[in-house]
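Quick note on labels: first sequence line is chain A, next is B, and so on, each numbered from 1.
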Protein chains: 2
Amino acid sequence: MKKPSQAGPLDPAAICRSSDPLAVRELLTKIGDKWTIFVILSLDLLGGRARFSELERAVPGISQRMLSSTLKTLERDGLVIRELFPEVPPRVEYEMTDLGKSLLHPTQGLVDWAKANWEQVREAQSRYDAR
Amino acid sequence: MKKPSQAGPLDPAAICRSSDPLAVRELLTKIGDKWTIFVILSLDLLGGRARFSELERAVPGISQRMLSSTLKTLERDGLVIRELFPEVPPRVEYEMTDLGKSLLHPTQGLVDWAKANWEQVREAQSRYDAR
DNA sequence: CAGCATCCAGGACGATACTG
DNA sequence: CAGTATCGTCCTGGATGCTG
């Protein structure tokens, strides 16, 4: 029921001054890529900590290349921590940081929305295409 | 703090059976593209209804081509309704549907997260790159 | 086991020009 | 005003093969 947070009735480009739109775009671009959410959700599901091969099995269809690069980006962003154990064969474990965990809640919001409404979206698409 | 919703301790591919992962991915892919969130947020900010040229001004940097195709996708997905007024010069208004409005809350969750935490992400990136 | 290097195809997006 | 058409570019991501 809230009004769109009035900053002026017809204020052009209002969102783009509030709250660093670049940050929003970058965030959305990141979790909007092909694998990031699945890796995040899988890591959570595996208890917040897992090794490379576990994630590989947990995310069907992902290639080593994509899992590796996705994890590297997550690590660079401070969302996961990579821990290398100097053994043979090598073992690497990835653990979600508090920052990473904090992203789970808003992410879950979108997952829930998709769960609840995607059928409607599909129907809308069908109606639209039937013309 | 909730546990990761136990479906089995080491259940491979668990998310991928729950809740239509395709839907989640498609949703994220859509709002993760370059313009969709900005168009949605701008449309909300303009009161949930606006014409093409208003949106063009509200989303700095967007081209006619991208605004047009973004709106077309949103219309197809049932998130906005396009209304054409048979006048000269032509007038077209776009209005958010209830479905579209319902997407605002989960979306806002991500916007808020970005607002609150992006600085930390940037710092993590700097630390990572400084090596 | 946990990657990286390389190559390649397709799609996203920008720039520009034209139209009902 | 509100688009469409066309072209070119960059980037994402898949496939494959190699390595510490």
Asks: Is there a side-chain contact between B/K34 and the phosphate of C/dG14, meaning an N or O under 4.0 Å from OP1 or OP2?
Replies: yes

Asks: What is the distance, to the nearest angstrom, from the CE atom on B/M66 to the P atom on D/dT4?
Replies: 13 Å

Asks: Below 4.0 angstrom from OP1 or OP2 of C/dA2, is there any side-chain N or O of A/S53?
Replies: yes

Asks: Hey, is the main chain of B/R51 close enough, under 3.5 Å, to the side chain of B/E54 for a donor-acceptor pair?
Replies: yes

Asks: To the nearest angstrom, how far is B/F52 atom CZ from D/dT4 atom P?
Replies: 8 Å

Asks: If you pin A/Y94 and B/P90 to their nearest nucleotides in DNA chain C, which one's is more 5'?
Replies: A/Y94

Asks: For the pair made of CD in A/E26 and C1' in D/dC11, what is the distance, rounded to whole Å?
Replies: 16 Å

Asks: Counting only side-chain heavy atoms from C-beta out, which of D/dA2, D/dG13, C/dG3 sits nearest to B/Q64?
Replies: D/dA2

Asks: Measure from CZ on A/R91 to C1' on D/dG20 and round the result to the nearest Å.
Replies: 18 Å

Asks: Provide, to the nearest angstrom, the distance between the NZ atom belonging to B/K72 and the C1' atom belonging to D/dA5.
Replies: 12 Å

Asks: Mind checking whether A/V80 and A/L84 sit in one hydrophobic cluster, side chains of I, L, V, M, F, W, Y counted as touching below 4.5 Å?
Replies: yes

Asks: Taking the side chain from A/S42 and the backbone from A/L55, do they hold a donor-acceptor pair closer than 3.5 Å?
Replies: no

Asks: Roughly, in whole Å, what's the span from CG in B/L67 to C1' in C/dC13?
Replies: 14 Å

Asks: Taking A/T36 for the side chain and A/G32 for the main chain, is one N or O donor matched with an acceptor at less than 3.5 Å?
Replies: no

Asks: For a quick check of understanding: with a heavy-atom distance under 4.0 Å over all strands, which category does A/F85 fall into, base, sugar-phosphate or nothing?
Replies: nothing

Asks: Is there a donor-acceptor pair closer than 3.5 Å between any side-chain N or O of A/S126 and the backbone N or O of A/R122?
Replies: yes

Asks: How many whole angstroms separate atom CD1 of B/I62 from atom P of C/dT16?
Replies: 17 Å

Asks: Taking N and O atoms by type only, does the side chain of A/R65 place a donor or acceptor under 3.5 Å from a partner on the base of C/dG3?
Replies: no

Asks: Quickly work out the B/K30 NZ to C/dA12 P distance and round it to whole Å.
Replies: 10 Å

Asks: Compare side-chain N and O positions of B/S68 against OP1 and OP2 of D/dT4 and report whether any pair is under 4.0 Å apart.
Replies: yes

